[in-house]
Amino acid sequence: MIGFLLSIVAVLVLVGIAVVGVWGLDLRILFGVIVPYAALITFFAGMVYKVLDWSRSPVPFRIPTTCGQEKSLPWIKRNKIDNPASGGAVLLRMALEILTFRSLFRNMKLDYRQGPKIRYSSEKFLWLFAIMFHYAFLVVLIRHARFFLEPVPKLLAALEAVDGFLEFNLAAVGIGLPTVQLSGLVLLGGVSLLLLRRIVIPQVRYISLAADWFPLFLITAIGLTGILMRYVVRVDVVSIKELAMGLATFHPVVPQGVSAWFYVHLFLVCVLFAYFPFSKLMHLGGVFLSPTRNLANNSRSVRHVNPWNYPVKTHDYHEYEDDFREKMIGAGIPVERETAAEEPAAPAAEGKKEE
Amino acid sequence: MKLYDGGKIITGLVIFLLIFTFPFWSSLGKAAPTPKLVLPAKTVAKQCVTATPYMRASHMKLLNDWRDAVVRDGLRVYVADDGKHFNMSLTNTCLSCHDSKEKFCDQCHNYLAVAPFCWECHLVPKEKK
């Protein structure tokens with residue numbers, strides 16, 4: 001509960017900082033140039049640092065979570081994707097995981113709906129909301145490239161046309177025009193449903209921390225300010241693109257007439273970028289580096305040697321006998337070899353002789 | 001610093017950085033061009049039907065309201081903030097001053113990859129040579 005409230009307050013404070021900074025103190029260069037560059041540097045440096053830090057951890061053994069029959073005897077039907085034995089199969093498994101979220105699709109829930117009997121049933125909502133949210137976010141992110149590229153690539157215009165193919169607007173209710181882009185609504189819908197899921201399901205609510213609530217509220221606020229700017233208050237996008245192109249070409253400009261709404265939106269996005277590498281959102285990089293996903297399950301066919309194994313000092317029985325042979329013979333203890341003369345022979349040859 | 005699977009990880013990082021910094025390196029060394037609006041001469045008209053900042057951000061709403069008023073309700077008179085009356089008409093009112101689609105409309109629309117559907121019904125005005 002404290003995490004929930006703290007996160008709402010944190011996002012509101014961030015909005016307040018931008019409002020006071022731009023509206024009150026007119027710090028347009030700070031919020032339009034310095035903060036965005038600082039956030040981007042933090043984002044890229046943080047991403048690289050995190051990934052390199054992870055890659056310093058050895059993964060000596062194969063620990064994939066498998067969901068199917070391992071490759072073994074030819075007459076046992078194997079599951080190539082869910083229990084990959086080769087690099088290619090791992091690639092396929094990873095691609096399906098990253099693009100279709102298969103592990104979320106397997107989500108199960110346990111309930112007592114049929115009397116006292118425990119029942120396991122599939123629980124697809126998390127997967128559905130996650131797919132909605134992530135793909136909508138991707139489209140929204142790509143669409144924003146129109147502010148950073150001049151001329152705007154044809155592909156982006158095509159994406160925008162597809163995204164707005166319903167060609168409807170909400171002008172009748174005072175919202176809308178320009179044409180509604182579906183990705184924005186799906187993004188806001190997806191993030192709201194993910195938020196509701198955390199609020200409504202008691203078990204999920206119990207394990208939710210500030211680090212879970214904050215990104216949800218932050219992204220909600222980003223989506224809301226974006227939608228507000230496009231459909232309700234309608235800002236001057238030409239000068240916003242001038243600002244964005246200034247950032248992209250390293251000739252920053254702060255045009256007049258850019259709405260304070262834009263600075264609120266931009267500041268929240270900057271916070272998201274800077275926060276990204278150091279939070280749960282880093283699963284963007286982590287999904288590629290999950291040892292339980294990206295390793296082939298080949299422990300039975302390939303020997304994996306622990307890289308930090310050190311040479312162990314051994315002293316075997318033959319060496320022991322060499323040390324005490326005469327004393328052992330003197331005391332009547334049986335020995336495997338009567339003399340040490342044969343000692344230099346290879347152990348393998350000795351073994352054969354004994355047979 | 002020992003990296004495990006360093007080759008693959010560095011490759012992945014480089015791909016990530018190249019994709020995410022695309023706007024920066026693709027426009028490297030180029031100056032950002034800005035739209036060059038050709039506004040109507042002051043002899044044609046001193047001001048638009050409403051304030052410039054509003055028109056810059058919300059002209060599409062005004063045009064949409066006009067379209068709805070004319071086509072659906074048969075209303076043709078727009079009363080401006082200063083009390084002046086205008087005929088609600090893209091062709092006869094807007095285009096009588098802003099007579100070049102290329103030099104006025106397209107400048108910003110192309111800059112932002114906006115594709116308004118005005119010209120699906122309206123004829124594109126002929127460019128004056």
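In the text below, chain A, chain B and the rest are named by the order of the sequence lines, each starting its count at 1. As a basis for the values below, the full set of heavy atoms in this structure was taken, side chains included, without hydrogen atoms, waters or symmetry mates.
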Quick check on the interface: out of Val59(A), Leu289(A), Thr249(A), who has the most heavy-atom pairs with chain B under 4.5 Å?
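Ranked by contacts with chain B, first place is Thr249(A).
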Between Ala161(A), Ser239(A), Ser57(A), Pro153(A), the one whose heavy-atom pairs under 4.5 Å with chain B are most numerous
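Looking at each of Ala161(A), Ser239(A), Ser57(A), Pro153(A) in turn, Ser57(A) comes out on top.
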Please work out which of the three classes, parallel, tilted or perpendicular, describes the rings of Tyr37(A) and Phe250(A), given edges at 30° and 60°.
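Because their plane-to-plane angle is under 30°, the rings of Phe250(A) and Tyr37(A) count as parallel.
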Hey, can you tell me if His144(A) and Phe147(A) have their rings parallel, tilted or perpendicular (30° and 60° cut-offs)?
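Tilted: the ring planes of His144(A) and Phe147(A) meet at 30° to 60°.
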Does a side chain donor of either Thr93(B) or Asn87(B) reach within less than 3.5 Å of an acceptor in the other side chain?
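Side chains of Thr93(B) and Asn87(B): no pair found under 3.5 Å.
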Any chance the side chains of Ser58(B) and Arg234(A) put a donor and an acceptor closer than 3.5 Å?
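There is such a pair between these side chains.
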Would a distance-only check, ignoring hydrogens and angles, find a side-chain to backbone donor-acceptor pair under 3.5 Å from Lys241(A) to Tyr111(B)?
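Indeed, once roles are kept as given, a pair shorter than 3.5 Å links the two residues.
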Interchain contact, [X] with chain B, by part (heavy-atom threshold 4.5 Å):
| X | answer |
| --- | --- |
| Ile240(A) | neither |
| Leu156(A) | neither |
| Val235(A) | backbone |
| Pro58(A) | both |
| Ser259(A) | neither |
| Phe43(A) | side chain |
| Glu160(A) | side chain |
| Ala248(A) | both |

Residue [X] versus chain A: region with a heavy atom under 4.5 Å:
| X | answer |
| --- | --- |
| Phe117(B) | side chain |
| Pro35(B) | side chain |
| Ser27(B) | both |
| Leu3(B) | both |

Hey, are Asp53(A) and Lys50(A) close enough for a salt bridge, meaning a charged N less than 4.0 Å from a carboxylate O?
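Judged by the 4.0 Å cut-off on N to carboxylate O distance, Asp53(A) and Lys50(A) do not form a salt bridge.
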Please find out if less than 6.0 Å separates the ring center of Phe24(B) from that of Phe148(A).
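Centroid distance Phe24(B)-Phe148(A): not below 6.0 Å, so no.
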Could you measure the distance from the CZ atom of Phe288(A) to the CG atom of Asn294(A)? Nearest 0.5 Å is fine.
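Separation between the atoms: 10.5 Å.
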Say you draw a straight line from CE of Met47(A) to CZ of Phe278(A); how long is it, rounded to the nearest 0.5 Å?
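Between Met47(A) CE and Phe278(A) CZ, I get 10.0 Å after rounding to 0.5 Å.
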Val114(B), Leu13(B), Thr34(B): which one forms the most heavy-atom pairs within less than 4.5 Å of chain A?
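Winner by heavy-atom pair count: Leu13(B).
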When you look at Tyr275(A) and Thr42(A), which way does the side-chain contact (heavy atoms from CB on, under 4.5 Å) test go after all the steps?
CA-CA 8 Å; Tyr275(A) 175 71; Thr42(A) 313; over 6 Å; no
